[in-house]
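Taking it in order: structure first as structure tokens, then the write-up.
The basis for the numbers below is simple: all heavy atoms, side chains too, and nothing from hydrogens, waters or symmetry mates. In this text the structure is predicted, and so the values were computed from the model without any measurement.
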There are 2 protein chains.
Amino acid sequence: MQPKALRAQSDPVFVQSLGKAMRVLEAFRDSDAPLSLAEISSRAGITRSAAQRIAHSFRELGYMRLSDDGRGFLLDLGILDLTYNYLRMHPLIRRATPILQELRRTVRERVDLSLFDGQRMVYAARLQSKREVFFATLIGHSVPTYCTSGGWAVLAMLPDNEVNTLLSTAEMRQVTPRTLTDPQAIREQIVLTRQNGHSLAIEQILMGEVAIGVAIPGPGNRPAGAIHIAGNLSEWQPEEFRRHVAPLASAAANAMI
Amino acid sequence: MQPKALRAQSDPVFVQSLGKAMRVLEAFRDSDAPLSLAEISSRAGITRSAAQRIAHSFRELGYMRLSDDGRGFLLDLGILDLTYNYLRMHPLIRRATPILQELRRTVRERVDLSLFDGQRMVYAARLQSKREVFFATLIGHSVPTYCTSGGWAVLAMLPDNEVNTLLSTAEMRQVTPRTLTDPQAIREQIVLTRQNGHSLAIEQILMGEVAIGVAIPGPGNRPAGAIHIAGNLSEWQPEEFRRHVAPLASAAANAMI
DNA sequence: ATTAATGTATTGCATTCCGATACAGTTGCA
DNA sequence: TGCAACTGTATCGGAATGCAATACATTAAT
């Protein structure tokens with residue numbers, strides 16, 4: 001984000017207090033415990049006074065609360081009100097939800113919907129079948145576009161110049177030992193995805209996980225997001241998983257258009 | 001919410017621009033379609049100028065977007081970032097999630113976790129087993145405390161004076177023809193819940209639905225929320241549902257303490 | 001064809017937000 | 001056990017920001 005003064009000069013309509021305030025809410029990213037005002041001010045890049053006023057205001061409004069021991073702040077339930085309004089009004093989520101429910105019943109594996117957001121795919125619907133790791137149950141969890149089944153599916157729907165831009169600006173890291181981080185290797189997956197109409201990702205973000213992804217087109221035939229179905233390599237051979245799941249995933253994605 | 005001037009006098013630390021801004025996000029409650037600046041200003045009780053500045057700022061920050069036809073505003077993906085941070089840091093949600101997954105596998109019905117918020121119970125985890133109505137899949141959806149299995153379970157854990165206060169200030173309405181709205185009838189359900197250790201709600205918020213609820217204690221032995229399991233009356237007799245589900249629900253709630 | 005609605009842009013002014021500072025209580029540490 | 005560091009909360013004068021009215025171009029509705 002631009003320095004304050006510069007932002008004001010370049011965007012006189014921007015409400016700077018609001019910018020500061022949202023950085024307070026965003027300060028909880030990458031945090032595992034309640035945050036003190038000092039920590040909030042450090043992470044949000046504002047003074048302790050500003051952190052105090054903003055935290056106090058968010059508390060009054062129901063978006064933050066003091067922890068039980070009174071020694072730090074946490075997000076509060078009001079966040080879920082915003083979540084609910086976002087989810088129930090999102091056209092794709094509304095269309096997708098019954099289809100995903102049916103798909104989960106048919107394939108008996110975890111089914112997700114993620115929304116395309118440049119370098120990341122953000123989970124907007126999670127339908128578990130079996131016991132999942134905690135983060136695989138959470139709305140809002142996001143994963144990199146460059147190394148996920150949903151990401152490859154989405155990239156496959158974009159023109160090559162956009163794919164190249166996204167791959168060259170991605171901060172690629174090895175999520176698992178099997179994660180592809182070589183742009184050329186990823187392009188090969190995209191070519192295969194274009195040919196097959198779906199992607200197949202093996203242990204890219206979770207060891208032991210195999211996932212099929214199919215993109216969902218949005219306005220202007222640009223990808224809005226993807227559905228993906230994940231299975232466990234202790235139960236599936238990858239090609240068997242593909243044969244079983246890919247037709248169902250494609251049919252489901254087609255039903256969402 | 002108090003008028004602006006009054007709020008400033010009574011709470012000098014409150015950031016009024018922030019209050020206005022959050023009312024813009026909250027304006028999407030009860031809306032089914034994108035909102036124009038005029039509609040936002042009307043619902044949020046602010047001028048069209050203020051709505052423009054705030055909407056513009058939220059767009060820059062990723063919390064709102066212009067609709068595809070450019071004729072209205074919607075909430076955007078940034079909301080899910082806040083959701084994710086809220087969910088993953090919430091102690092009860094973390095503890096509850098694996099237990100609910102196991103519970104859903106065992107009972108093969110829909111399992112939810114809701115958080116107690118005075119007159120409402122807010123859904124924080126939804127685990128579907130079968131095809132559900134759309135709203136039964138959404139995080140953040142909230143239902144009245146006075147007429148739900150989770151609500152009765154939570155009320156049963158409160159002292160009588162608090163129960164009386166909540167029942168006398170509730171804006172009770174008939175959600176279904178079976179919804180209890182007589183405070184005395186609800187008190188009888190609470191007595192039964194205290195005796196049984198769980199509640200049994202029949203067609204209170206959805207026709208055809210039977211639900212068992214068990215409260216989950218939080219700090220100071222006050223209820224933090226409840227888990228509830230819902231079944232369909234086309235498949236279950238209520239007493240059979242109770243016999244089958246209640247022990248499992250109670251065990252699950254005990255495991256979350 | 002006209003009116004009403006839309007989002008966007010501008011500006012002088014007054015209110016609001018700001019940052020520094022102080023305080024009381026609690027926790028951490030030697 | 002005593003001191004330092006940290007915590008949340010409270011205050012205030014000043015200036016930067018947010019405000020409201022207004023205007024404009026485009027689109028939709030009548």
Side-chain angles (χ1 to χ4, degrees), chain A residues 1-24 27-28 31 33-61 63-76, chain B residues 1-24 27-28 31 33-61 63-76:
Chain A
M1 186 174 282
Q2 290 170 314
K4 184 185 74 175
L6 210 55
R7 186 58 166 271
Q9 284 168 2
S10 69
D11 190 351
V13 192
F14 188 80
V15 180
Q16 299 189 63
S17 302
L18 178 52
K20 268 184 184 176
M22 298 318 286
R23 291 214 303 285
V24 166
F28 290 91
S31 172
L35 296 179
S36 65
L37 287 179
E39 285 169 311
I40 289 173
S41 87
S42 171
R43 290 163 178 252
I46 62 178
T47 64
R48 212 171 75 91
S49 300
Q52 178 208 351
R53 281 190 300 277
I54 291 168
H56 171 79
S57 303
F58 274 134
R59 278 176 76 189
E60 290 292 308
L61 298 169
Y63 295 97
M64 275 170 69
R65 68 180 174 86
L66 209 48
S67 66
D68 295 328
D69 66 4
R71 299 285 294 186
F73 292 86
L74 288 159
L75 296 176
D76 204 3
Chain B
M1 187 174 280
Q2 291 169 313
K4 184 185 74 175
L6 211 56
R7 185 61 166 266
Q9 285 168 0
S10 69
D11 189 351
V13 191
F14 188 81
V15 181
Q16 298 189 63
S17 302
L18 178 51
K20 268 185 186 174
M22 297 318 286
R23 290 215 302 287
V24 166
F28 290 91
S31 173
L35 296 180
S36 65
L37 287 179
E39 285 170 310
I40 288 171
S41 87
S42 172
R43 289 164 180 251
I46 60 178
T47 64
R48 211 168 77 90
S49 300
Q52 180 206 350
R53 285 190 299 281
I54 292 168
H56 171 78
S57 303
F58 274 133
R59 279 177 75 191
E60 289 293 308
L61 298 168
Y63 295 97
M64 275 172 68
R65 68 180 174 86
L66 209 47
S67 65
D68 295 327
D69 67 2
R71 300 284 295 184
F73 291 87
L74 288 158
L75 297 175
D76 205 3

Query raised in the report: Under 4.0 angstrom, heavy atoms only, what part of the nucleic acid is B/S49 near: base, sugar-phosphate, or nothing?
Result: base

Requested in this report: Establish, from distance only, whether the side-chain atoms of B/S49 and B/Q52 form a donor-acceptor pair under 3.5 Å.
Outcome: no

Report summary line: To the nearest 10 degrees, the angle between the two end axes of the helix from C/dA1-D/dT30 to C/dA30-D/dT1 (five pairs per end) comes to 50°

Query raised in the report: Which atom pair, heavy atoms only, marks the closest approach of A/I46 to A/I54?
Result: CD1-CD1, 4.2 Å

Query raised in the report: Can you tell me if the side-chain N/O atoms of A/S36 get under 4.0 Å from OP1 or OP2 in D/dT7?
Result: yes

**Report entry** Side-chain donor/acceptor contact of B/R48 with base of C/dG7 under 3.5 Å
**Finding:** yes

Requested in this report: Scan B/A38 against the nucleic acid and name what it touches under 4.0 Å (heavy atoms): base, sugar-phosphate only, or nothing.
Outcome: sugar-phosphate

Query raised in the report: So, is B/R59 near the phosphate of C/dT8, with a side-chain N or O under 4.0 Å from OP1 or OP2?
Result: yes

Query raised in the report: Can you tell me how far C1' of C/dT6 sits from CD of B/E39, to the nearest Å?
Result: 11 Å

Report summary line: When A/T47 and A/R71 are each assigned the nearest nucleotide of DNA chain C, the 5'-most assignment goes to A/T47

Query raised in the report: Do the side chain of A/R53 and the base of D/dT9 come within less than 3.5 angstrom through a donor-acceptor pair of N or O atoms?
Result: no

Query raised in the report: Given atom CD of A/Q52 and atom C1' of C/dT21, what is their separation to the nearest angstrom?
Result: 12 Å

Requested in this report: Find the distance B/L35:CG to C/dT6:P and express it as a whole number of Å.
Outcome: 11 Å

Query raised in the report: CZ of B/F14 versus C1' of D/dT11: gap in Å, rounded?
Result: 19 Å

Requested in this report: Could you tell me which non-hydrogen atom of A/L75 sits nearest to which non-hydrogen atom of A/F28, and how far apart they are?
Outcome: CD2-CD1, 3.7 Å

Requested in this report: May I ask you to verify if any side-chain N or O of A/S17 is less than 4.0 angstrom from the OP1 or OP2 atom of D/dG18?
Outcome: yes

Query raised in the report: Has the side chain of A/Q16 got a donor or acceptor that lies under 3.5 Å from a partner of the other kind on the base of D/dA16?
Result: no

Query raised in the report: Any side-chain N or O of B/K20 less than 4.0 Å from the OP1 or OP2 oxygen of D/dA20?
Result: yes

Query - Closest to the A/V13 side chain, choosing from C/dT10, C/dC17, D/dT9 - result: C/dT10

